[in-house]
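Counting starts at 1 for both ligands and their atoms, following the listed order. Computed from a prediction, not measured in an experiment: that's the story for all the values here.
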Amino acid sequence: MTKFEALGLQQSLLDAVADMGFETPSEVQEKAIPILLESETDLVALAQTGTGKTAAFGFPLIQKIDANSRTTQGLILSPTRELCLQITKEMQAYSKYEKNINVVAIYGGASITEQARQIKRGAQVVVATPGRMKDMIGRRLVDISKIDYCILDEADEMLNMGFFEDIKDILSNTPDEKSTWLFSATMPKEVSIIARKFMHSPQEITVGAKNSGASTVQHEFYTVGGRDRYPALKRLADANPDIFSVVFCRTKRDTQRVAEKLIEDGYNAGALHGDLSQNQRDLVMNSFRKKQIQMLVATDVAARGIDVDDITHVINYQLPDEIETYTHRSGRTGRAGKSGISMVIVTRSEMRKIQAIERKIQQKFISKKIPTGPEICEIQLYHLANKIKDTQIADDVDSYLPAINEVLKEIDRDELIKKIVSVEFTRFSNYYNKSKDLNTVSNGRDNDSRKGERGNYGGGNGSVRYFINVGEKDGYDWMSLKDFIRDTAGLGREDIFKVDVKDSFSFFNSESATTDQILSTFTEFKVDGRFVNVEVSKNPGGGGRRGGGGGGRDRGRKRDKAGYGKRRGDRGGNRNSASNSGKRRSKKRSDFF
Ligand code: ADP
Ligand code: MG
């Protein structure tokens with residue numbers, strides 16, 4: 001018996017669970033589902049974003065709906081249109097094996113007549129934003145006077161957005177005997193007021209602050225001068241060629257401005273904020289979901305609750321005013337057990353905020369340095385080599401080959417490789433050639449002595465940076481790669497640090513005392529028949545020694561033989577990662593051939 005079965009869900013829902021690929025229930029699901037199935041009760045459930053709240057109320061709701069009746073029996077209120085659509089889609093997926101269950105979304109900015117028509121056809125479950133719901137009740141286009149279940153999803157955010165009055169109005173149109181289920185990431189005063197006023201002795205469940213979703217997020221901050229925020233953002237993007245991120249700004253204006261600049265500079269970026277038309281927002285969200293946009297620049301409100309998988313980085317271009325908001329932002333990544341990184345660009349005067357957030361999230365930030373030009377160039381070079389290796393050869397290339405061969409016939413293999421790489425790379429290295437260090441000298445924190453893992457590598461003086469030819473494509477994240485290196489080389493807990501996992505390669509640091517041990521372990525070392533190769537990186541990187549020799553330099557320059565990251569799955573294949581800066585251009589493959 002799997003654990004989902006133990007919760008009391010009927011077979012048709014278990015089949016849907018299996019189709020969705022859920023194996024074990026999350027904590028909030030494990031706690032909420034049995035309660036909701038077994039009793040008619042009000043419920044307050046507190047759990048962070050990314051903990052699977054939708055399924056926690058969605059499955060019980062569907063099991064309790066009477067499919068033979070067309071009456072609207074369940075109402076789900078959610079703060080934004082995007083979230084409303086997302087919940088609707090999830091509910092439809094959960095109920096795919098149910099007969100005759102209709103879930104209809106009601107939200108602003110789309111045809112009210114069409115939505116009314118869908119309701120009229122019989123919607124047992126309505127998912128709505130408060131504004132449009134109130135509107136439709138007023139026009140008698142929807143009847144919620146007989147609902148049995150009312151769900152307030154992301155209640156804290158709905159109240160943050162000023163929907164208190166609307167919610168009150170809506171609830172006054174519902175029967176007293178219904179059950180109300182309130183789901184929220186946090187419990188500010190307004191939420192407890194709602195709970196007190198509109199709920200009858202609700203049962204309460206709280207999922208610990210350290211839920212699996214959140215603990216897989218690494219929090220990092222980068223201290224820069226106030227005017228260097230934008231160049232710093234660019235470098236963070238350039239140092240992570242396969243980045244798939246949400247960049248948070250404080251105001252709509254900044255959001256628009258940063259997105260425009262990024263696009264101008266050739267990044268695959270888009271803006272999401274409230275001043276855009278619904279149509280524009282839909283377009284942006286669709287491109288983002290398809291990963292055509294790598295950097296979604298967004299306001300907090302617009303991005304709230306959006307559940308896009310595989311977001312690798314959340315970048316706080318500016319810190320939010322409310323600490324609470326930070327948890328919502330960083331909750332966009334590290335979802336469903338995956339790991340993620342939340343980066344904060346701060347000025348020195350904002351250090352106090354970092355400490356306040358640390359207290360709130362009960363996790364330490366790692367102080368990181370904005371990558372230098374040479375570091376970025378190194379990363380981009382490896383990335384480029386991998387890209388060439390992984391590129392599928394276009395069908396129609398063959399017919400041009402004789403002519404191409406003729407042009408290139410004088411050039412030997414080594415030289416040809418250098419030239420191919422230079423085509424893309426020169427632009428890049430030109431851009432970063434004389435770039436300055438963006439890091440402010442001191443941020444009041446000793447960088448290397450507090451890295452979450454609290455290494456004994458104080459000051460980082462003996463620290464050596466390494467390159468390793470495995471990365472995310474091989475299924476590693478910073479935690480598992482660290483474990484792998486440590487265990488393989490027989491090192492201690494604190495010996496490996498500053499692990500930066502890229503798509504098909506990674507970097508890490510160790511004290512120089514362990515360098516021999518590491519290099520000898522990873523000589524001729526194979527996993528699954530493939531060489532795993534470690535070399536000392538040219539750039540000390542990651543806040544360690546800068547400008548110094550950086551340890552052993554290039555060991556033997558064997559990299560072109562190194563057996564770069566074997567491609568697993570097709571991640572990144574559609575990510576259109578135009579990997580050059582300065583004049584980064586988004587090129588489709590067809591532009592090349
Ligand atoms: P929340 O509302 O708490 O922020 P969601 O309901 O949006 O979280 O779920 C976050 C992600 O986790 C979604 O992609 C969802 O499909 C996935 N998910 C939910 N429950 C499970 C589970 N039991 N196993 C695996 N993935 C899950
Ligand atoms: Mg949710």
Of all the heavy-atom pairs spanning Thr186 and Leu46, show the shortest one and how long it is. O-CD2, 3.7 Å

If I compare all heavy atoms of Ser179 with all of Asp42, which pair ends up nearest, and what's the gap? CA-OD1, 3.3 Å

Consider every N or O of [X] and every N or O of ligand 1, then say whether any pair is closer than 3.5 Å.
X: Glu23; result: no
X: Pro25; result: no
X: Gln29; result: yes

Side chain to side chain contact (heavy atoms under 4.5 Å, CB included) with Glu165: which residues, sequence neighbours excluded?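 For Glu165, the residues satisfying side chain to side chain contact (heavy atoms under 4.5 Å, CB included) (neighbours in sequence not counted) are Lys168.
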
On the ring face of Phe244, is Lys291 found with NZ or CZ under 6.0 Å from the centre and within 45° of the axis?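 Yes - Lys291 lies over the ring of Phe244, closer than 6.0 Å to its centre and within 45° of its axis.
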
Could you list which atoms of ligand 1 come closer than 4.0 Å to a heavy atom of [X]?
X: Asp309; result: 14 (O)
X: Gln48; result: 3 (O)
X: Thr24; result: 22 (C), 23 (N), 24 (N)

Distance-only side-chain donor-acceptor flag, Asn316 / Arg329, under 3.5 Å: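 Distance-only check passes for Asn316 and Arg329.
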
If hydrogens are left out, which of Phe59, Phe22, Phe183 has an atom nearest to atom 18 (N) of ligand 1, that is, the closest non-hydrogen atom?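 Closest candidate by heavy-atom distance is Phe22.
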
